[in-house]
Every structure is written in structure tokens, then in C-alpha cells.
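For reference, the structure discussed in these notes is given below.
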Amino acid sequence: MFEHRQLDMANGFIEELRWRGLLHDSMPGVEEHLAKGPQRGYIGFDPTADSLHVGNLVQIMILVHFQRCGHKPVALVGGATGMVGDPSGKSAERNLLDEEALRHNERCIKAQLERFLDFNSPTNAAELVNNYDWFKDMGFLRFIREVGKHITVNYMLAKDSVKNRLETGLSFTEFSYQLVQGFDFYWLYKNKECVLQMGGSDQWGNITTGTELIRRMDGGEAFAITTPLLTKSDGSKFGKSEGGNIWLDAARTSPYKFYQFWLNATDDEAARFAKIFTHWTQAECDALIEAHAKDPGRRSLQKEVAAFITTLVHGKVETGSAIRASEILFSNASDGLAQLSEQQLLEVFEGVPQAEVQKSVLSSGIAIIDLLTDHTGFLPSKGEAKRALKESSIAINRAKVADDRSVTTTDLLNGKFLLLQRGKKNYFLVKIVG
RNA sequence: GGGGAGAUACCCAAGCGGCCAACGGGGGCAGACUGUAAAUCUGCUGGCUCACGCCUUCGUAGGUUCGAAUCCUGCUCUCCCCA
């Protein structure tokens, strides 16, 4: 996965971010500083769940691009900061997780990051740190003496993340957050020669508290770079889908769903995604975008992008299955299903909701309504099932059915499966047992 | 502490004794169109029933009434104004 060529460093990381549309703001002097040679830069990840999601993917890719430009990326898992809660972009006080949950989340996140970054490079290996390591023995008194002393409350109040919450209120804990994160930066600067922190644009305030601390505590110079917050074409938040978050963990979001998420990007989004989430060069991106523009109906760009990212996250094998599943489920030919072996069928529908039904239920034929509700739970109520049937949105094995349809063993695929479908995108696999 | 306003289905928001399972908008789902798109148009959006209809739902607990989301009382919570 890491066989890609290193980019020409003269070309520069900042320039790379710029054409990829990933540069929102940066402190003067960063470009020159990075040009001096390999540098360390870090991004923090909140261990609020035991998996990262596509919303985090932007930051991950920043580190990836950073490493590909020859620098040393540091991923910080916020074991300590996760216990405090960042007020940035939040309208209400955050719930705190207990330590046990945080430890678990942190381990899972670490495993996911290892898929993207090269931790074994002889020249610029990525590094993973956990701020809990330097905070766990830090007492309150020591913190306010050594760190708090250097930053005025006036300075802290001026941050947007704090200002926006003064009306509704925020706890002292959240108020202190920027100092805690700022100290992270100081610590990494001091112990790891890390001179750059990156993050989403909502992190600007927290990052600059860090550079300020470094200057005041040590007279040192450090830098900040932020990326724009990604939104969908319709303005809504990126990374959410009907079912909620799109996770990187296959157990939470199946590779099929993950692939579909990217495939469903609008033309405009796909072009942006190509630049942000792939390793393609500018010329390669332009060529693909141009090719797509000539025949947008083929959605070649969405397919390329989806395949690339899914491979990065889930690997080649899973991606192949996701692509095949998509082709079968969305091709107009309905005969593809019958050709599948049991093995393939199960592969294709991994991640699709499933239920088991006793064979005896089908032996004398069962009304479609009962199958959809009582026996499988695919639809929540009979009323809903009737409505769906009236809309002619229900299909069995990809063939539309009417409300008087009854289902028997002759409908089974491979003698033991039944594919229920509502609309174009909602599938449900019934497995016959007994 | 005093005064006032309010709590309605996923969200916003009408209704203010029967015609209310509850206007309208948003969201969601589906159909047509299409590129598994966008835009647009259409339908649906508490449960059970083939259906007449029945049941549950308008903060909560009671009450008045033939009949209440609508009136009365207690309670809980939210917001605003004055101290």
C-alpha cells in the first residue's frame, strides 16, 4: 500500500494542499520552514468512538499527504483531551467518557490509522502518541503553575470557541480545553521536535493557543495549518448518510455501504473527493475529471474514487466484492442474481440486513405482506408493507411484486435465499432454514 | 419572591368542546423522469383490519361533559418580564 513514489519535496506540502483544496489557513513562514527539510507535524484524533469515520478521513489524508511529501507525520490520540471535551463547534456541554471506554477506543483507532500511514519507513516513519501519557501524572497545581501561568484569561476568552459559548455557558472544564491541547503541542515541540499542528478550521483557535504557549514558555516558533470543513453539495454535513455516520470499521459500516457512500457522490463532490482522498497527482485528477465530464452518465469518476478509497480502507478483496455487489444490484438485467453461487451470494450481501425463516413457512406459500413484516421484520408494520406494495416499491429477487403475491419455495435462490427489496437501495436477505 | 407565556406526531407549527389520527412546512420513504445524480412532478408518512370500523396518541395525574388536543384542578418542565 505504501509503494507510491515520494513526491518532489521542492514542490512542497503546502502547494500540495493548495491544489487539493485542503488549505484553509496557515501561519506565515510555514512554507519556508517545511522547505528546509523533513519536519514533524501532528494532528489529533478524539477517541470518542471505537472507530474513526469518514469525517476523520480528511485529517488522516492530510497526514498521508504530509508523509508522501517526505515529512514525518505524528498522529495523536487524545486519551487525555478526550476526557475533557472540546467546546469548538459544539453548542452544548459534552458528555464525558470514562477512562475504560477511552482506552478501548484509543486502541481501535490506533489500529485503523496503521492502515493509512507507514509506521516502518526507514526515513520518515509515522508515529503515534497518546497525550494521556504525559497528562496522567500531571497534577492540577503543576499544570496551572507551569502552563496556566503563561496564558491570560483575556486571551482565552477571545477564542471563537469560547466566545460562542459565553451566552449559553460552558464549564470550566471545557474552557480549559484549549490549554490542555495547547500543552500537547508544547510537549511534542519540546520532546519530538514537532513544529506543526494541523486540523480542521474549527481547530485554529486551539492550535494557536499551542503556538502561543511554545513562544511564551520556550521562546520557540511553531506553526499552524487548517483545512476547510468539508460539506456536501447541498450544504449538509459531510460523512453522514441515511443510517448515520459512515464508519471505517467494517463491523459498523459494511464495505458495500462504504463503497456506495462514495459512489453516490455528486459530480462536483466526486471531483473534490478525488483531490482530497486519493494519492493521484494533479494531472491524473484533471484527466479523470475531464474524462468524466465528457460522459457524466457513466459516473466513471465516482467509481474510480469509490474504488480507491474503499481499497485503502478495506483492501482489494472487500472492494472487489463491493463492486460486484453493486453491479449486480443495480444492473438492469435481473438474471445476474440467479447465476451467483451460495458463496458469492453471501459475500455480496454481507452487511445487508438479514433474517432467517423456517422452510415450513414457505412450503404452502406465504402472503408477501406477512413475509415482509411478521417473519422477517424488514418493514415495521403491515400498514407500511401495504403502502409499499401499493407504491410498487417491493421486489423479490429484483422483480417487482404486487400485493397479492404469495411466496413459495420455488422463489428461492440456490434453494435457500430470498432477496427482498424496497425501492432501489434497500435490500434484505432472507435465509431459509430447517 | 412577584407577574406573564407555553408544553401538539421525527422537527417546526396550526387547532382552542364534536366535522381531529389532528391544517401547513421541513425532514423521511416511494413512484415517474434520470446517470444508483441534480432539478422537477406525484403519492405516502401512528397501529390493527379486505373493509365498515376499532385501538393508542396532543407534557403528566385527575375532573366536568353524551363527547375534550380543546374547559377545570393539582403536578412537572421550559421561556420571558419585574424584584
Side-chain angles (χ1 to χ4, degrees), chain A residues 91-93 167-169 231-246 253-274 288-307 309-310 319 321-334 336-337 348-349 351-353 365-406 419-428:
Chain A
S91 54
E93 179 86 18
E167 288 284 315
T168 52
T231 53
K232 295 207 277 190
S233 295
D234 62 9
S236 65
K237 198 174 171 196
F238 167 78
K240 301 271 184 190
S241 139
E242 315 83 57
N245 267 329
I246 299 294
T253 300
S254 70
Y256 166 75
K257 263 186 97 178
F258 187 84
Y259 176 79
Q260 283 285 322
F261 169 78
W262 299 100
L263 195 65
N264 279 307
T266 64
D267 296 345
D268 183 53
E269 286 164 356
R272 277 191 293 144
F273 293 168
L288 284 165
I289 291 168
E290 199 183 319
H292 174 249
K294 280 188 185 134
D295 186 3
R298 281 185 56 232
R299 296 187 308 143
S300 55
L301 188 57
Q302 280 89 338
K303 285 178 186 166
E304 294 279 358
V305 170
I309 304 172
T310 309
T319 304
S321 302
I323 292 173
R324 249 178 298 128
S326 300
E327 281 168 355
I328 291 166
L329 295 179
F330 290 97
S331 72
N332 290 320
S334 53
L337 265 184
V348 165
F349 294 108
V352 162
I366 178 171
I368 179 67
I369 288 183
D370 295 327
L371 182 68
L372 289 170
T373 54
D374 298 345
H375 294 283
T376 60
F378 179 32
L379 299 182
S381 72
K382 301 232 163 112
E384 179 92 16
K386 272 176 211 155
R387 207 178 296 134
L389 285 162
K390 204 165 66 189
E391 290 163 340
S392 80
S393 65
I394 299 295
I396 293 179
N397 301 334
R398 309 239 320 124
K400 288 282 163 88
V401 298
D403 58 359
D404 56 356
R405 174 70 138 73
S406 91
L419 181 66
L420 304 180
Q421 182 181 0
R422 182 190 190 179
K424 284 178 188 133
K425 297 180 184 176
N426 301 303
Y427 289 93
F428 193 94

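Numbered from 1 within each chain, the chains take letters A, B, ... in sequence-line order.
Pair check for B:A83 finds none; no Watson-Crick or G-U wobble contact set falls under 3.5 Å. For B:A22, there is no paired base (Watson-Crick or G-U wobble, both distances below 3.5 Å). Nucleotide B:G17 forms a pair with no other nucleotide shown, judged by Watson-Crick or G-U wobble geometry with both contacts under 3.5 Å. Using N1 to N3 plus N6-O4 or O6-N4 for Watson-Crick, or N1-O2 and O6-N3 for G-U wobble, each under 3.5 Å, B:C29 pairs with B:G43. Pairing for B:A7 goes to B:U76, judged as Watson-Crick or G-U wobble with the two contacts each under 3.5 Å.
For the pair A:Thr266 and B:A37, the criterion of a side-chain N or O lying under 4.0 Å from OP1 or OP2 is not met. Considering only side-chain N and O atoms, A:Arg422 lies nowhere under 4.0 angstrom from the phosphate OP1 or OP2 of B:G31. Within the 4.0 Å cut-off from OP1 or OP2 of B:G47, not a single side-chain nitrogen or oxygen of A:Lys382 is found. The phosphate of B:A30 (OP1 or OP2) has a side-chain N or O of A:Asn426 nearer than 4.0 angstrom. Within the structure, a side-chain polar atom (N or O) of A:Lys400 is placed less than 4.0 Å from OP1 or OP2 of B:G31. A:Lys425 has a side-chain polar atom (N or O) that falls below the 4.0 Å cut-off from OP1 or OP2 of B:A37. Phosphate contact (OP1/OP2 of B:C48, side-chain N/O of A:Ser381, threshold under 4.0 Å): present.
Nucleotides B:G3 and B:A9, compared at atom C1', are 33 Å apart to the nearest Å. Across the C1' atoms, B:C33 and B:G43 are found 15 Å apart, a figure rounded to whole Å. Across the C1' atoms, B:A22 and B:G47 are found 16 Å apart, a figure rounded to whole Å. Spacing between B:G74 and B:C23 at atom P, rounded to whole Å, works out to 32 Å. To the nearest whole angstrom, the two P atoms, one in B:U64 and one in B:U70, are 15 Å apart. Across B:U60 and B:U8, the matching P atoms stand 10 Å from one another, rounded to whole Å. Between B:G46 and B:A21, the two P atoms lie 13 Å apart (nearest whole Å). When the C1' atom is used for both B:C20 and B:G67, the distance is 13 Å, rounded to whole Å.
The separation between A:Leu301 atom CG and B:U36 atom C1' is 16 Å, rounded to whole Å.
In this structure, A:Phe378 CZ and A:Leu372 CG are separated by 7.0 Å, a value rounded to the nearest 0.5 Å.
Checked against B:G31, B:U36, B:G35, the side chain of A:Gln302 finds its nearest nucleotide in B:G35. Listed nucleotides B:G31, B:G35, B:U36 differ in distance to A:His292; the shortest reach to its side chain belongs to B:G35.
In this structure, A:Glu327 does not pair ionically with A:Arg324, as no charged nitrogen and carboxylate oxygen lie closer than 4.0 Å.
Side-chain atoms of A:Lys424 come within donor-acceptor range of the base of B:U34, with a qualifying N/O pair under 3.5 Å. Side-chain atoms of A:Glu384 stay outside donor-acceptor range of the base of B:U45, with no qualifying N/O pair under 3.5 Å. Counting atom types as modelled, A:Asp295 pairs no side-chain N or O with a base atom of B:G35 as donor and acceptor under 3.5 Å. In terms of polar N and O atoms assigned as donor or acceptor, the side chain of A:Glu391 never comes within less than 3.5 Å of the base of B:G31 in a complementary pairing.
The side chain to side chain contact (heavy atoms under 4.5 Å, CB included) search around A:Lys390 returns none, not counting sequence neighbours.
Under the 4.5 Å side-chain criterion, counting only non-hydrogen atoms from C-beta, A:Leu301 is not in contact with A:Asp267.
If you find the closest nucleotide of RNA chain B to A:Ser392 and to A:Asp267, the one lying nearer the 5' end belongs to A:Ser392.
For the side chain to side chain donor-acceptor pair (under 3.5 Å) with A:His292, the qualifying choice from A:Arg298, A:Gln302, A:Arg299 is A:Gln302, the only one to do so.
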